[in-house]
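Everything below concerns the one structure shown next.
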Amino acid sequence: MLGPVFNREASVVPKRPATYLSRGIYLMTLFLLLCTGYLVLDGSRSLVANSDTAKFGGWMFRLLAPLQLVILSALAAVGSASSVAQEKDRRTLILMLMTRLSGFEIVGGKAAATLLSPLTLLVISLPLFLTLPLMGGVSPNQVFAVYAVTTVSVFVAAAMGTVVALWREKTFQSIALTVLALLLLVAGGEIVAGIGPQFDKLATAISPPRALIAATNSHAGIASLMQTGAGWFVIFGTLMSVAIVAMGVAKVRVWNPSREVRLKAPEPETSEDYLRDRSADADSLSTAQPLSSTDQAAKASEGPTSWKVRQPRHVWDNPILWREVRTWAYGRKILLIRAVFVLIFAIIATAVWYQVQSGVAMEPSGRIGRAFPAVTIPVAALGVISLVLVNALAVTSITGERDGLALDLLLVTDLRPREFIFGKLLGVMYAAKELILLPLGLIVYLGFAGVMTMENMRYAILAGLGLYLFVTMLGVHSGLNYVSGRTATLASLGTVFFLCVGIAICMTIMVSFRGAFQLQLAPFLVMILGGGAALFAALGWRNPSSAIFTASFALPLITFYAITQFLLQTDHLYVAAALLVGYGFTTAAMMIPTLSEFDVSLEVDRGDGVSGATQGGAPKATPATGPVSERTA
């Protein structure tokens with residue numbers, strides 16, 4: 001019914017070993033979180049009473065349900081956007097448009113193929129969630145209500161990612177616009193909820209997090225979904241998914257092929273060079289031999305001898321950096337991404353400004369019943385969004401070169417490895433300058449507003465710059481080591497998600513149970529060590545080294561220590577120092593091997609997620625001397 005695009009993916013997915021590995025890791029992670037929460041709570045107080053067990057089951061349900069929503073929605077959004085973008089980069093989407101495939105078979109097939117992985121993870125986690133009602137505090141109806149909201153959220157994310165990727169040309173544009181569109185949906189719900197309590201149901205119908213919170217309510221169930229507003233979200237989300245897919249079906253052959261691949265007839269030159277060449281030819285004719293005025297006019301009207309569009313542009317000594325800075329390497333629609341991010345920044349900055357003006361931001365965290373200051377959540381949310389977008393830009397800067405077959409050409413030139421690496425790093429950070437400067441500017445505002453001391457403001461800025469450098473180098477490293485662009489994107493963004501969200505989830509468990517940190521650290525060692533093993537598999541699976549091995553296992557511990565020191569409200573110098581040392585060492589561990597040679601994976605990608613049996617080594621860059629204009633390929 002969905003066509004050959006979906007049928008091919010459905011037949012290939014069961015053949016991939018990574019399919020079963022990802023399912024096992026996902027279920028094991030949820031189970032370890034459940035066990036960790038039990039060990040932490042049992043270390044602080046006994047669970048002999050039924051009331052304590054019921055409280056534990058209800059609390060873990062309210063922790064695991066939002067975590068599952070975030071993971072599966074992000075997987076559906078990024079996976080769908082990167083899958084379609086990869087088809088565009090390899091020019092295979094044009095081949096599909098030339099066949100007799102209908103628009104629904106292309107759009108619906110790609111969206112349904114993307115849903116195979118998140119929906120499978122959703123199904124295999126159902127038995128784990130159904131064990132929580134056995135502890136008490138949770139009813140089976142609540143579980144099914146949460147699953148209905150999560151399923152619809154995944155549908156919306158997959159539909160949004162597929163259609164946006166069909167609309168845009170570049171991979172980064174597709175991923176960034178998909179993420180920002182989903183965040184605007186959440187922000188819209190918060191804005192509607194802030195108008196007044198009478199609009200709470202409307203806000204719940206718009207925002208997936210609010211709908212999930214309503215579904216996890218103790219009085220929520222299948223029958224009462226409409227009363228809490230979660231049922232309206234299920235209806236609204238389903239209709240929105242259908243509308244988005246219908247728009248993609250109607251526009252898929254209008255948007256594609258894009259202007260970049262369309263062949264155009266040569267147009268007459270109308271630039272200033274044309275006029276200058278005409279006058280130069282007329283002068284040369286008048287000085288070369290005496291001609292009549294009629295002959296001179298006829299000769300000049302023939303046009304210039306050279307049909308160049310513009311004068312040659314001066315290229316810097318580093319051509320990679322010149323292309324990243326002086327050209328639209330990521331497309332002109334990156335301006336739209338910047339505009340949407342500025343809109344999200346304005347919303348968050350307005351919320352922070354309101355907290356500062358009302359005095360809530362100045363109150364100690366213990367007085368307002370929180371473990372951290374009130375402005376921490378909006379500022380941290382903006383920082384995580386910025387880090388994810390910068391990382392996505394970095395990884396797509398490499399995968400775009402590979403899919404466009406430009407990376408193979410760079411390897412046979414005399415381009416030095418350090419020129420390529422530093423050119424990409426500086427170029428990505430320049431292209432994402434708004435994504436970096438705006439969050440740092442918000443920190444500066446908090447410092448001058450008196451929310452944080454000037455010393456802590458400097459520490460926060462230094463730590464933020466270190467994190468931006470890390471996520472940029474992580475994207476470049478993943479793009480060079482993974483053949484498939486989709487795999488590189490998921491591995492890079494998954495690493496950022498684990499370090500930013502995974503550790504925060506662990507700390508949330510510790511803070512919520514209010515136990516002693518020294519007693520709760522032991523249960524978390526299994527989780528942290530398991531995360532370190534996964535981090536080493538993501539960073540060093542192709543070329544492992546002792547430095548990457550050390551960084552993979554030390555980085556979760558360092559992040560754990562930094563968050564702990566922040567929650568304890570001690571001197572923030574320890575937080576900044578730990579982050580700079582840990583993430584700086586990891587950045588150096590990824591950067592130094594690439595500076596000595598072009599460490600690029602040249603395996604053959606068969607298109608089904610399985611690389612070739614042989615692993616090729618990239619030739620080392622030969623030293624070149626002289627400016628770029630004197631070099632030869």
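All values below come from the heavy atoms of this structure, side chains included, with hydrogens, waters and symmetry mates left out.
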Show your working on side-chain contact (heavy atoms from CB on, under 4.5 Å) between Phe341 and Ile385 and close with a plain yes or no. CA-CA 9 Å; Phe341 181 80; Ile385 296 171; 4.1 Å; yes
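- In this structure, the side chains of Phe6 and Leu116 come closer than 4.5 Å at one or more pairs of heavy atoms.
- Of all non-hydrogen atoms in Ser80 and Ala157, the two that sit nearest each other are OG-O, 4.0 Å.
- Rounding to the nearest 0.5 angstrom, the gap separating the CE atom in Met60 from the CE atom in Met135 is 8.5 Å.
- Contact annotation: the side chain of Thr396 approaches that of Ile175 to within less than 4.5 Å [non-hydrogen atoms, C-beta and beyond].
- In terms of modelled atom types and a separation under 3.5 Å, the side chain of Arg402 and the main chain of Ile398 share no donor-acceptor contact.
- A donor-acceptor pair under 3.5 Å is formed between the side chain of Tyr20 and the backbone N or O of Pro14.
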Kindly determine whether Tyr468 and Val390 satisfy side-chain contact (heavy atoms from CB on, under 4.5 Å), including the steps that lead there. CA-CA 7 Å; Tyr468 283 118; Val390 172; 4.2 Å; yes
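- For Val156 against Leu182, the heavy-atom pair with the smallest separation is CG1-CD2, 4.3 Å.
- Shortest non-hydrogen contact noted between Ser478 and Val395 is CB-CG2, 4.3 Å.
- Looking only at distances, no side-chain donor or acceptor of Ser207 sits under 3.5 Å from a matching main-chain atom of Ala203.
- Residues Leu539 and Leu474 meet the side-chain proximity criterion, which asks for heavy atoms closer than 4.5 Å.
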Are Leu93 and Leu166 close enough, and set up right, to give a side-chain contact (heavy atoms from CB on, under 4.5 Å), and what steps lead you there? CA-CA 9 Å; Leu93 181 62; Leu166 290 172; 4.0 Å; yes
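- At least one side-chain heavy atom of Val186 sits under 4.5 Å from a side-chain heavy atom of Pro208.
- Expressed to the nearest 0.5 Å, how far CZ of Phe199 lies from OG1 of Thr204 amounts to 13.0 Å.
- More than 12 heavy atoms of other residues, nucleotides or ligands lie within 6.0 Å of CZ in Phe553, so this atom counts as buried by the packing criterion.
- Of all the heavy atoms in Ser241 and Ala159, the pair that sits closest is O-CB, 4.1 Å.
- If you take CD1 on Ile558 and CG on Leu579, they are separated by 8.5 Å, rounding to the nearest 0.5 Å.
- Considering CG of Leu126 and CG of Leu121, their distance stands at 13.0 Å, rounded to 0.5 Å.
- A donor-acceptor pair under 3.5 Å is absent between the side-chain atoms of Ser492 and the main chain of Ala488, judged by distance alone.
- Side-chain contact between Leu75 and Ser117 is present, with at least one heavy-atom pair separated by less than 4.5 Å.
- Looking at Val471 and Leu467, their side chains never come closer than 4.5 Å, going by heavy atoms from C-beta outward.
- Thr150 and Gln68 share no side-chain donor-acceptor pair at under 3.5 Å.
- Side chain of Asn391 to main chain of Leu387: no donor-acceptor pair is present (N/O by atom type, distance under 3.5 Å, no hydrogens or angles).
- The shortest distance between side-chain heavy atoms of Thr131 and Leu128 falls below 4.5 Å.
- The nearest pair of heavy atoms linking Pro556 to Leu535 is CD-CD2, 4.4 Å.
- No cation-pi contact links Arg23 to Tyr26, judged by a cut-off of 6.0 Å to the six-membered ring centre and 45° from its axis.
- Checking Thr114, Leu115, Val149 one by one against Val154, the side chain to side chain contact (heavy atoms under 4.5 Å, CB included) holds for a single residue, Leu115.
- By the ring pair (Phe, Tyr, Trp, His ring centres under 6.0 Å) test, Phe129 pairs with Tyr147, sequence neighbours left out.
- At a threshold of 4.5 Å between non-hydrogen side-chain atoms, the residues Phe56 and Leu34 count as touching.
- Comment: Arg210 engages Glu190 in a salt bridge, judged by a side-chain N to carboxylate O separation of less than 4.0 angstrom.
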side-chain contact (heavy atoms from CB on, under 4.5 Å) assessment of Phe155 paired with Leu119: CA-CA 9 Å; Phe155 284 163; Leu119 290 184; 3.9 Å; yes
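- The shortest heavy-atom contact between Ala165 and Lys88 is O-NZ, 3.1 Å.
- Ion pair Glu9/Arg16 flagged as a salt bridge, since at least one NZ, NE, NH1 or NH2 atom sits closer than 4.0 Å to an Asp/Glu carboxylate oxygen.
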Go through it in stages, so that I can follow the logic: the residues are Thr489 and Tyr482, the test is side chain to side chain donor-acceptor pair (under 3.5 Å), and I'd like the CA-CA distance, side-chain angles, deciding distance and then a yes or no. CA-CA 9 Å; Thr489 303; Tyr482 288 92; over 6 Å; no
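- Proximity of a side-chain donor or acceptor of Glu87 to a complementary backbone N or O of Thr92 within less than 3.5 Å is not detected.
- Of the inter-residue distances, the one linking Ile71 atom CD1 with Thr29 atom OG1 reads 7.5 Å to the nearest 0.5 angstrom.
- To the nearest 0.5 Å, atom CE of residue Met590 and atom OG1 of residue Thr586 are 6.5 Å apart.
- The one candidate from Leu32, Leu30, Ile25 that meets the side chain to side chain contact (heavy atoms under 4.5 Å, CB included) condition with Met28 is Leu32.
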